[in-house]
Amino acid sequence: MNKRTVLVTGATSGIGLATARLLAQHDFRLIVTGRRKERLEQLSQELSSLTDIHYLVFDVREREAVQNAIQGLPEDFATIDVLINNAGNAHGLDTIQEGNPDDWDAMMDINVKGLLYVSKAVIPQMTSRKQGHIVNIGSIAGKEVYPKGNVYCASKHAVDAINKGMLMDLNPYGIKVTAINPGLVETEFSVVRFKGDEDRASQVYKGMQPLRPEDVASVILYTLQLPAHVNISDLVLLPTDQASATVVRRA
Ligand code: NDP
Ligand code: 8X3
């Protein structure tokens, strides 16, 4: 079988980075994206002995830049077999009355509209080939709401709805659509949420064992390796220490 080409958004850190590293070891060619060019350059160097890799620098919020980058891919990377919509973050953890509208904009623009823009740029080639697989990284926050999670939860509930909609609309084309919804994963996520406050970020995982980004990557790989007639449409992945968005066993 020919190697499939996978486009991973948000591959400069956390889940996206771990996924790129794992897929490179398993017969996938890679297009990695993000805003931090130096990290993408380093990753391309790191993985180039394992697989063909190409990187694209864009902010998923910029619709035209997304479209131009994907349309401008060199010929040998132009056919995308798998899209992993991973780029995203939480910005702030505040009550609705205290929330910062700039944070709300960031979360809706990146987690929801950015995912749509990238999907819009990739889906036409999948529908025309009647083949493809889209993996959307949602969250336990897309299944439940927790105090002060309001807008981040709304953005991930939107991803949940978009995943269901994609599954229906792309069904006639034989395209697989998968949502992976992790609970607590220790990445740069909380550092971004708390605007660089590493002490506060580390408190999120205090006394419990969170998922590692590699754990999520291994589940993504599993969904990509299933036979052609099998699709995981929606999966929640929690650390053993976590039972829901708000129930976490801590030492
Ligand atoms: P990280 O902060 O470690 O990684 C986030 C990635 O998203 C980075 O590569 C970043 O790249 C990219 N990104 C963020 N904003 C933009 C943007 N505007 N344009 C392009 N790329 C962007 O966090 P995680 O790995 O944890 O997060 C990955 C996904 O997993 C997110 O969708 C998150 O919501 C989800 N998730 C995370 C959980 C967790 O507990 N960590 C749990 C459940 C879901 P760059 O800054 O270079 O642009
Ligand atoms: C990230 C997990 O619980 O911080 O999506 O919302 S949580």
Side-chain angles (χ1 to χ4, degrees), residues 4 6-28 30 32-34 36 39-40 42-43 46-47 50-51 53 82-90 110-111 115 133-144 146 149 152-153 155-156 159-160 163 176-194 198 201-227 230-251:
R4 280 179 282 169
V6 183
L7 188 153
V8 188
T9 66
T12 57
S13 165
I15 295 168
L17 174 60
T19 301
R21 284 182 169 148
L22 186 64
L23 296 187
Q25 297 168 43
H26 286 86
D27 272 357
F28 292 92
L30 288 170
V32 288
T33 85
R36 286 171 284 182
R39 288 196 185 195
L40 293 170
Q42 275 171 18
L43 182 64
E46 177 191 324
L47 301 184
L50 296 171
T51 192
I53 181 163
V82 180
L83 166 62
I84 303 181
N85 276 320
N86 164 75
N89 276 117
I110 299 168
N111 302 354
L115 180 149
H133 192 166
I134 300 174
V135 179
N136 294 310
I137 306 302
S139 170
I140 187 70
K143 302 291 184 183
E144 301 173 37
Y146 53 85
Y152 177 66
C153 295
S155 75
K156 289 297 182 177
V159 173
D160 188 50
N163 189 74
K176 294 191 190 192
V177 180
T178 298
I180 307 285
N181 301 288
L184 294 161
V185 192
E186 192 160 14
T187 62
E188 293 179 12
F189 178 86
S190 291
V191 178
V192 172
R193 167 169 252 174
F194 299 128
E198 299 205 2
S202 68
Q203 294 300 312
V204 173
Y205 313 106
K206 200 169 177 196
M208 59 86 62
Q209 186 170 354
L211 295 171
R212 299 164 303 147
E214 291 79 10
D215 299 321
V216 184
S218 68
V219 173
I220 293 171
L221 173 66
Y222 175 71
T223 70
L224 300 185
Q225 289 178 325
L226 288 166
V230 182
N231 177 48
I232 291 182
S233 60
D234 195 17
L235 184 148
V236 175
L237 177 68
L238 298 175
T240 305
D241 281 341
Q242 184 172 19
S244 77
T246 51
V247 177
V248 180
R249 184 177 76 133
R250 294 185 196 267

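- Around the CD atom of E144, the shell of radius 6.0 Å holds more than 12 heavy atoms that belong to other residues, nucleotides or ligands.
- Qualifying salt bridge (charged side-chain N to carboxylate O under 4.0 Å, His left out) partners for R39, counting only residues two or more places apart in sequence or in other chains: E188.
- No side-chain heavy atom of T12 sits less than 4.5 Å from a side-chain heavy atom of L43.
- With hydrogens and angles disregarded, no donor-acceptor distance shorter than 3.5 Å links the side chain of T9 to the backbone of N85.
- One finds the CG atom of L7 at 11.0 Å from the CD1 atom of I134 (value rounded to the nearest 0.5 Å).
- To the nearest 0.5 Å, the span separating CD1 on I180 from CG on L235 amounts to 5.0 Å.
- Within 6.0 Å of atom CD in Q203, more than 12 heavy atoms from other residues, nucleotides or ligands are found, so the atom counts as buried in its surroundings.
- The environment of Y146 atom OH is dense: over 12 non-hydrogen atoms of other residues, nucleotides or ligands sit within 6.0 angstrom.
- Of all heavy-atom pairs between A24 and L30, the closest is CB-CD1, 3.9 Å.
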Does the side-chain contact (heavy atoms from CB on, under 4.5 Å) test come out yes or no for T19 and N86, once each step is laid out?
CA-CA 10 Å; T19 301; N86 164 75; over 6 Å; no
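- Taking CG from L238 and OG from S244, the interatomic distance works out to 8.5 Å, rounded to the nearest 0.5 Å.
- Contacts of D160 classified as salt bridge (charged side-chain N to carboxylate O under 4.0 Å, His left out), with partners at least two apart in sequence or in another chain: K143, K164.
- In this structure, F28 has no ring-ring contact (aromatic ring centres under 6.0 Å, His included) partners at least two apart in sequence or on a different chain.
- A pairwise comparison of heavy atoms in I220 and I84 identifies CG2-CD1, 3.8 Å as the closest pair.
- Heavy-atom minimum distance, L184 versus Q242: N-OE1, 2.9 Å.
- The heavy-atom pair separating L50 from Q25 by the smallest distance is CD1-CG, 4.1 Å.
- A pairwise comparison of heavy atoms in S190 and V204 identifies OG-CG2, 3.8 Å as the closest pair.
- Among residues two or more places apart in sequence or in another chain, the ring-ring contact (aromatic ring centres under 6.0 Å, His included) test is passed with F189 by Y152.
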Steps toward side-chain contact (heavy atoms from CB on, under 4.5 Å) verdict (R21, L47)
CA-CA 7 Å; R21 284 182 169 148; L47 301 184; 4.3 Å; yes
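- With R4 contributing its side chain and L224 its backbone, the two residues share a donor-acceptor pair below 3.5 Å.
- For residues 242-251, the pairs satisfying salt bridge (Lys or Arg N to Asp or Glu O under 4.0 Å) are D241-R249, with sequence neighbours left out.
- Note that OG1 of T51 is 9.5 Å distant from CG of L23, once rounded to the nearest 0.5 Å.
- For the atom pair E46 CD and I53 CD1, the distance stands at 8.5 Å (nearest 0.5 Å).
- The two residues K156 and S139 make their nearest non-hydrogen contact at CG-CB, 3.8 Å.
- Annotation: side chain of L40 is not in contact with side chain of T33 (no heavy-atom distance under 4.5 Å).
- In this structure, the side chains of V236 and N181 come closer than 4.5 Å at one or more pairs of heavy atoms.
- For the side chain to side chain donor-acceptor pair (under 3.5 Å) with T178, the qualifying choice from D234, N231, T223 is N231, the only one to do so.
- Inter-residue side-chain proximity for P239 and L211 is flagged as met; some heavy-atom pair is nearer than 4.5 Å.
- Once rounded to the nearest 0.5 Å, the distance linking CG of L237 with CD1 of I140 reads 10.0 Å.
- Residues that satisfy the salt bridge (charged side-chain N to carboxylate O under 4.0 Å, His left out) test with E214, not counting sequence neighbours, are absent from this structure.
- At distances below 3.5 Å, not a single donor-acceptor pair connects side-chain atoms of N136 with backbone N or O atoms of V177.
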